[in-house]
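Numbers here simply count residues along the sequence, with the first being 1. Both counts, for ligands and for their atoms, begin at 1 and track the order of listing.
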Amino acid sequence: MSNHPPVAPVWIRGITIRQPWTTCILTGERTIKNRPRHWSWRGWLLLHSGQSVDTPAFRNPLVARTIRGRHLHTGAILGVARLTACHQDPDKAAPCDPWAHPGSHHLALADIHELALQLRCPALAGRVASGDDREQAGSALNLAGAILAGSNQPHGAGDVRAQHVAEVEILLVVVNEYLRTASDRSEYAYLLESMLSFEGVVSWREDLAWGLVNEEYEVSCPSCQANLFIVIGERGFFSTSGDYALSEDDVETTPLRPANPADMDGIGRRLHDIVLTDGHQDVANAMTYVFGDATCPDCETGFSVADQVSSDWSATH
Ligand SMILES: [Zn+2]
Ligand SMILES: [Zn+2]
């Protein structure tokens with residue numbers, strides 16, 4: 001396994017979308033996703049339903065009609081879709097689609113499928129263990145991790161982990177092999193998350209990679225409950241409140257305060273050390289922000305980013 005040549009994997013990317021918008025996509029009615037920035041990547045996307053719910057959206061008649069009679073799952077991978085294009089409408093033109101926001105970048109989605117992932121764990125483990133194709137094995141590890149992470153949810157299909165102890169042990173060995181040889185940041189982040197999932201580490205397994213890859217975490221302020229985005233990446237290192245997703249301009253931001261690696265402990269210290277050992281300096285740097293502190297731009301309360309991501313996770317599972 002360790003002799004794989006370095007190849008660029010065709011990776012399944014993830015995108016986190018709040019309910020009820022996720023379900024609007026899964027019905028097939030909504031094929032445009034609004035984003036504040038251009039996204040050059042094309043291919044398959046895992047549609048991950050965020051933990052918090054955009055409650056005001058229920059008053060939108062288009063939304064209300066589309067989700068009628070549907071259960072709105074949160075904090076889980078609910079489907080896949082193919083991202084085929086990203087465009088902006090011409091200035092002053094009418095939006096290209098009823099779901100499109102003026103001024104936003106419009107991701108065009110096709111081949112939208114709702115998933116029942118819980119049922120596919122044994123098949124994936126077999127494929128990982130027997131396959132010699134890095135790309136396929138990586139995708140299978142990614143999906144198996146997501147399945148195990150989802151298996152303890154209230155709507156999950158029983159205790160997948162207990163039923164598949166041997167497969168999970170194989171997956172853990174294999175994921176560690178791949179971690180040591182992963183070159184791509186996204187690939188590495190997903191493998192790290194899968195590792196936590198196979199180990200049974202709760203509260204981080206669904207969120208770590210989504211945040212590292214999308215370069216943002218979605219949390220609520222522990223004091224005023226405002227919906228906040230913690231941005232860690234190319235756009236900077238700051239926290240900002242909920243309307244950030246719709247308007248990139250004129251939002252208030254406050255800088256994050258990274259942890260000093262020497263002072264980190266627990267899961268944060270362990271992840272930071274693994275990531276440094278594997279040679280991913282940029283991910284290690286991101287970890288110091290994930291396990292550092294943020295300030296709410298609305299009420300100026302300071303809080304631990306990691307604590308807030310995991311407490312939001314606990315509150316919805
Ligand atoms: Zn458009
Ligand atoms: Zn606040």
Side-chain angles (χ1 to χ4, degrees), residues 15 17-18 21-22 24-25 27-43 45 47 50-57 60 62-63 66 81-112 207 211 216-232 236-258 289-316:
I15 189 169
I17 304 165
R18 284 193 291 170
W21 303 103
T22 329
C24 289
I25 292 174
T27 62
E29 291 294 313
R30 181 186 174 207
T31 57
I32 292 285
K33 166 88 184 89
N34 300 289
R35 292 293 282 178
R37 283 171 70 95
H38 181 74
W39 200 7
S40 58
W41 189 76
R42 301 286 176 268
L45 278 181
L47 303 175
Q51 294 157 8
S52 66
V53 173
D54 182 8
T55 317
N60 177 328
L62 187 57
V63 172
T66 306
R82 209 158 47 80
L83 172 57
T84 56
C86 178
H87 70 266
Q88 273 191 301
D89 295 348
D91 265 357
K92 300 194 176 84
C96 64
D97 183 278
W99 299 93
H101 290 292
S104 289
H105 293 263
H106 300 154
L107 303 183
L109 302 174
D111 302 325
I112 298 162
D207 290 300
E216 67 186 32
Y217 288 90
E218 193 182 346
V219 302
S220 10
C221 169
S223 178
C224 74
Q225 315 302 324
N227 192 57
L228 305 177
F229 288 96
I230 307 293
V231 178
I232 297 172
F237 302 89
F238 58 85
S239 54
T240 183
S241 56
D243 51 2
Y244 164 76
L246 294 182
S247 65
E248 198 177 15
D249 306 322
D250 303 317
V251 293
E252 203 177 333
T253 66
T254 55
L256 300 176
R257 298 183 300 285
Y289 288 92
V290 173
F291 291 92
D293 293 320
T295 306
C296 173
D298 290 1
C299 74
E300 296 181 357
T301 299
F303 59 89
S304 149
V305 174
D307 282 358
Q308 214 45 35
V309 173
S310 49
S311 85
D312 281 6
W313 192 93
S314 308
T316 52

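With waters left out, the protein N, O or S atoms under 2.8 Å from the Zn ion (ligand 1) add up to 4.
Remark: side-chain polar atoms of D293 are not paired, donor with acceptor, to backbone N or O of R257 under 3.5 angstrom. Of the possible donor and acceptor atoms, none in the side chain of S223 sits under 3.5 Å from a partner among the backbone N and O of T301.
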Full working for side-chain contact (heavy atoms from CB on, under 4.5 Å) between W99 and L62
CA-CA 8 Å; W99 299 93; L62 187 57; 3.6 Å; yes
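To the nearest 10 degrees, the Zn ion (ligand 2) sees SG of C224 and SG of C296 at an angle of 110°.
Contacts of T22 classified as side-chain hydrogen bond (donor to acceptor under 3.5 Å, both in side chains), with partners at least two apart in sequence or in another chain: none.
The closest side-chain heavy-atom distance from I230 to E218 is not below 4.5 Å. In this structure, the side chains of L109 and I25 come closer than 4.5 Å at one or more pairs of heavy atoms.
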